[in-house]
Amino acid sequence: MILDIKKIQTDFPILKKEIYGKPLIYLDNAATTQKPRSVVEKIEYGYYNVNANIHRGVHFLSQAATEAHEEARRYVQQFLNARSSNEIIFTRGTTEAINLIASSFTDECMSAGDEVILSVMEHHSNIVPWQIQAAKKGIVLKVIPINDWGELCLDEYRSLFTERTRLVSVTHMSNVLGTINPVKEMIEEAHAHDVPVLIDGAQSVPHMKVDVQELDAEFYVFSGHKIYGPTGIGVLYGKEEWLDRLPPYQGGGEMIATVSFEKTTFNELPFKFEAGTPDYIGSTALAEALRYVDGIGIDNIAAYEHRLLAYATERLNEIDNMRIFGQAADKGAVISFLVGDIHHYDLGMLLDRLGIAVRTGHHCAQLLMQRLGIEGTVRASFSFYNTEEEIDQLAAAIERLKGMF
C-alpha cells in the first residue's frame, strides 16, 4: 500500500504551523508524536457528552463513560493481542508502568542480593526505578553491554544469568540509537532460566506490530503520547497470572473490594492496579489513536518509515564530518548524530530557527552517552507524516549551518 502522505498530513493541523516564518518540519517524534484531529475530537466529545466518574455510578452518564473506558481497554487488548482485557492496566505512561513493576515485583519476588538484568542503552525510566529499589532492598543491577554498532552483546547477556537472577528489563527499541533489540530471542533465553521479562515498548509500539502473545514477555509497557494519543496515559500489559500474584502499587479508591480498619481486600484485575479516578477521557482518546494507526496499517507505517530512515541515513552521510551513532542491522526510524565539533545544542537551536524541530542532549540516556564517549547528540526521529523532501531540507540546513562554524 502506498501511503498518501499529503492527505495524512491534513489530519494533523499542527503540521501547517509556521516557526519563525518557516514551515514546521517536525522531527522529534521519539519524544512525542503530533495528534490527529480525530484524537483531539474524541477528547472534546468525552468532556462534552459522557463526562462522569466511572464504575460506581448508576446514572446514565456514569454508565456511558464506564462503557467507553472499558471498550478502550478492549481495543488496547486487541491492538497488542493480549489474551484478556484483565491483562491491560492503564497507567500515566511507560515511566509509571515500569515504576509499578519495579515496586510490586521487588516487594513480592526479590530479596537482598537478587539480580535484575538491564542494558546500557536503557532510558532513565528503566534504570532509576531499579536503582531506587536497589537502595531500598539491596537488589543488584547487572548491565548488558553494546558493541560499536550499537547492538546488545548477546553472549555477554547470556553470561549474566545466575541463580539469583529474578527479572530481565530491557528496551525493545533504543530511543537514541534506533536499535531494535532481538527481544523474542532474549525472552526465550530468560525463560530457559525461569526468569520473567519486562519489555519497554515506548519506542517500538508506534513503529512496528507488537504481539504480546507471540513475544511471550511477562510484562510490556508503552506510552500513549508516542503513538499519536494524549499525554498522561499509558499501558502496562502483564500476564494475568503475574498480575494476580503481585501486590498493588498504590492504595485508594477503585482498587479495593472491601475496607475495614482491620483489613482491606483488593479488587479483581485490572482494577487492583488502578487506584483513584482513572483517566477515562485519555483512555478513549488513546484507543482512537490506535484506531487511526490501524486505519493506516502498522505494517504500511513500518515499511514507509524504513524507507525514510534509509533515505535520511544516505543523505546525512553525504555531509562532511557527520557522525551517526547507531548502525545496527535492525534499526527504527531514529538518527542521532554530531557534525564535526559543533555542539549539539547549538546545532539544534539553529535548526529550530529554520523551522526544523529536532531533539538535542543526552535523551535521558546518560549511561549510553558515557559508553559512546560523548555528552549528547542531535536526534532526528521520523513518523509516517514526514517526507523525503523534509529530510532534504534537514540536510541542506545542516550544510548551511556547518559553514557558520
(request) Describe, in one word, how the ring planes of His172 and Tyr220 are oriented to each other, choosing from parallel (under 30°), tilted (30 to 60°) and perpendicular (over 60°). (result) perpendicular
(message) Students often mix this up, so state it plainly: with edges at 30° and 60°, are the rings of Tyr228 and Phe384 parallel, tilted or perpendicular?
(response) tilted
If I take atom [atom1] from residue [X] and atom [atom2] from residue [Y], how far apart are they, to the nearest 0.5 angstrom?
X: Phe105; Y: Ile98; atom1: CZ; atom2: CD1; result: 14.0 Å
X: Asn147; Y: Arg371; atom1: CG; atom2: CZ; result: 7.5 Å
X: Ile101; Y: Leu198; atom1: CD1; atom2: CG; result: 6.5 Å
X: Asp28; Y: Gln34; atom1: CG; atom2: CD; result: 9.0 Å
X: Tyr157; Y: Leu152; atom1: OH; atom2: CG; result: 9.5 Å
X: Ile187; Y: Lys184; atom1: CD1; atom2: NZ; result: 7.5 Å

(request) Would you check, one step at a time, whether the test side chain to side chain donor-acceptor pair (under 3.5 Å) holds for His123 with Thr171? (result) CA-CA 8 Å; His123 190 282; Thr171 185; over 6 Å; no
With a 4.0 Å cut-off on N to O distance, would you call [X] and [Y] a salt bridge?
X: Arg291; Y: Asp294; value: no
X: Glu214; Y: Lys209; value: no
X: Glu399; Y: Arg315; value: no
X: Arg37; Y: Glu44; value: no

(message) I want to know whether Phe382 and Tyr311 have ring centres closer than 6.0 Å.
(response) no
(message) Between Phe79 and Tyr237 (judged by ring centroids, cut-off 6.0 Å), do the two rings come close enough to count as a pair?
(response)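 No - the distance between ring centres of Phe79 and Tyr237 does not fall below the 6.0 Å cut-off.
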Would you check if the side chain of [X] reaches a backbone N or O of [Y] as a donor-acceptor pair within less than 3.5 Å?
X: Glu274; Y: Phe90; value: yes
X: Asn99; Y: Thr95; value: yes
X: Ser381; Y: Asn29; value: yes
X: Lys226; Y: Ala30; value: yes
X: Lys239; Y: Asp216; value: yes
X: Tyr385; Y: Leu15; value: no
X: Asn175; Y: His363; value: yes

(request) For residues 101-129, pull every pair meeting salt bridge (Lys or Arg N to Asp or Glu O under 4.0 Å), keeping only residues two or more places apart or in separate chains. (result)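 Counting only pairs at least two positions apart or across chains, the salt bridge (Lys or Arg N to Asp or Glu O under 4.0 Å) contacts touching residues 101-129 are Asp107-Lys137, Asp114-Arg164, Asp114-Arg166, Glu115-Lys142.
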(message) Glu390: which residues meet the salt bridge (charged side-chain N to carboxylate O under 4.0 Å, His left out) condition with it, sequence neighbours left out?
(response)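 Salt bridge (charged side-chain N to carboxylate O under 4.0 Å, His left out) list for Glu390, sorted by chain: empty.
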Over 12 foreign heavy atoms within 6.0 Å of [atom1], [X]:
X: Glu375; atom1: CD; answer: no
X: His55; atom1: NE2; answer: yes
X: Arg400; atom1: CZ; answer: no
X: Glu241; atom1: CD; answer: yes

(message) Using the ring pair (Phe, Tyr, Trp, His ring centres under 6.0 Å) criterion, which residues pair with Tyr75? Sequence neighbours excluded.
(response) none
(message) To check you understand the geometry: which heavy-atom pair defines the closest contact between Ala380 and Leu394, and what is its length?
(response) CB-CD2, 4.1 Å
(message) Run the side chain to side chain donor-acceptor pair (under 3.5 Å) test on Asn53 and Tyr280 for me, step by step, so that the C-alpha distance in whole Å, both residues' side-chain angles and the decisive distance to 0.1 Å come before the verdict.
(response) CA-CA 8 Å; Asn53 211 329; Tyr280 53 86; 5.8 Å; no
